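First listed ligand is number 1; within each ligand, the first listed atom is number 1. Because the structure is a prediction, the values reported are computed rather than measured.
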Amino acid sequence: MGWLRLRHTLTVAGVKEESGHTTPARNKIGIYSKHGKDTAPATTSLAHVFQQEDFPFQDPSMSDSDLPYIDPSIVSFVDQQWHSSSEDASRKHLHVWLVIDNVVYDCTQFQREHPGGIDVIQSFVGQDCSWQFWRFHGREQMREYGRPLRIGRTSGIQNRFKEPPRYVGLSTLGEDW
Ligand code: HEM
């Protein structure tokens with residue numbers, strides 16, 4: 001399972017920009033918005049904005065589509081911050097966010113409680129890990145343990161691994177079958 005290996009390079013998760021729209025980074029609506037995904041913060045001020053923003057856990061009863069929108073550049077910033085600091089000490093204060101099906105989960109605390117270990121969580125910080133998640137968990141675990149960790153929804157964050165086929169061989173048995 002190559003995707004389980006910790007990453008060795010500092011590639012940033014791919015981000016598909018939703019529009020060319022530019023809104024001042026300090027405009028809260030552009031960073032964390034209930035109103036859609038048509039704004040993109042100026043990257044130069046991301047660190048500043050990020051420090052000032054609050055990304056609280058959302059009510060578990062809220063539907064995914066009603067979650068506040070987190071601009072993908074913010075999610076990528078979390079990725080960059082994490083993967084450009086290799087020391088445990090400097091990572092201690094960093095956010096540990098995962099993206100599963102375009103929903104952002106804050107696993108900063110949960111990573112230490114994760115029954116599957118801390119390493120798999122840390123290897124996906126700021127990145128999409130949807131198919132990897134669904135390989136090991138069912139809807140019930142998502143509802144009970146994942147849902148309370150939701151902080152928002154996002155878009156365009158790519159999984160850095162191509163999903164391998166789940167069932168190999170079933171369609172290649174040949175015409176005799
Ligand atoms: C929101 C993020 C996540 C949550 C809430 C979560 C939750 C859980 C829970 C509740 C279990 C225990 C399952 C059981 O005992 O039946 C578990 C196990 C596990 N998780 Fe996660 N997990 C998350 C992310 C991930 C990710 C990204 C991976 C990487 C692929 C992963 C890999 C595993 C593995 C390998 C196990 C052990 C499975 C086993 O023992 O059969 N998890 N996780």
Side-chain angles (χ1 to χ4, degrees), residues 1-16 31-34 37 46 50 53-169:
M1 281 193 277
W3 55 268
L4 264 182
R5 280 197 302 271
L6 293 184
R7 49 195 274 163
H8 299 294
T9 53
L10 303 182
T11 49
V12 176
V15 171
K16 213 185 328 172
I31 300 297
Y32 195 9
S33 164
K34 292 185 191 300
K37 51 182 180 181
L46 275 178
F50 190 72
E53 288 292 325
D54 191 18
F55 298 92
F57 293 122
Q58 300 297 314
D59 192 322
S61 67
M62 189 185 284
S63 73
D64 285 351
S65 55
D66 285 339
L67 293 169
Y69 185 70
I70 302 179
D71 193 282
S73 60
I74 292 287
V75 181
S76 285
F77 182 72
V78 168
D79 176 347
Q80 276 175 308
Q81 273 198 318
W82 182 265
H83 292 102
S84 60
S85 58
S86 52
E87 301 293 326
D88 280 353
S90 59
R91 284 178 165 180
K92 221 159 89 181
H93 304 291
L94 296 180
H95 295 259
V96 173
W97 291 1
L98 302 184
V99 178
I100 300 168
D101 299 334
N102 287 328
V103 172
V104 185
Y105 296 83
D106 186 343
C107 298
T108 311
Q109 302 300 324
F110 177 74
Q111 59 178 328
R112 292 185 180 78
E113 299 153 26
H114 181 230
I118 196 170
D119 287 353
V120 279
I121 300 285
Q122 292 190 345
S123 68
F124 290 108
V125 176
Q127 300 179 1
D128 177 272
C129 57
S130 305
W131 66 257
Q132 290 92 343
F133 178 87
W134 292 116
R135 290 282 164 119
F136 290 103
H137 316 80
R139 304 231 156 258
E140 191 53 33
Q141 286 150 352
M142 173 55 101
R143 194 184 54 75
E144 193 171 341
Y145 299 97
R147 218 169 160 80
L149 304 178
R150 298 178 310 162
I151 56 171
R153 65 192 163 86
T154 190
S155 59
I157 301 293
Q158 307 289 318
N159 196 303
R160 71 183 197 277
F161 299 101
K162 187 172 154 44
E163 179 173 11
R166 273 173 182 262
Y167 307 105
V168 178

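- Partners of T108 according to the side chain to side chain donor-acceptor pair (under 3.5 Å) rule, which considers only residues two or more places apart in sequence or in another chain, are D106.
- Under a cut-off of 6.0 angstrom, the local environment of CZ in F110 is crowded, with over 12 non-hydrogen atoms contributed by other residues, nucleotides or ligands.
- For W82 (side chain) and W97 (main-chain N/O), no donor-acceptor pair under 3.5 Å exists by modelled atom type.
- Within a 6.0 Å sphere centred on CD of Q109, other residues, nucleotides and ligands contribute 12 heavy atoms or fewer.
- Side-chain contact annotation: N159 with Q132, donor-acceptor N/O pair under 3.5 Å present.
- Under a 3.5 Å cut-off, the side chain of R150 and the backbone N or O of Q58 do not form any donor-acceptor pair.
- Neither the backbone nor the side chain of E144 comes within contact range of ligand 1; no heavy atom lies under 4.0 Å.
- As for H137, its N/O/S atom nearest atom 21 (Fe) of ligand 1 is the one called NE2.
- Closest heavy-atom approach to atom 19 (C) of ligand 1 among the candidates P148, G116, G146: G116.
- When F136, W134, Y145 are checked for heavy-atom proximity to atom 38 (C) of ligand 1, F136 turns out nearest.
- When the heavy-atom distances from atom 5 (C) of ligand 1 to F110, Y105, W97, F124 are ranked, the shortest goes to F110.
- Taking every heavy atom of C129 and a limit of under 4.0 angstrom, the matching atoms of ligand 1 come to 27 (C).
- Using a 4.0 Å cut-off between heavy atoms, Q132 contacts ligand 1 through both its backbone and its side chain.
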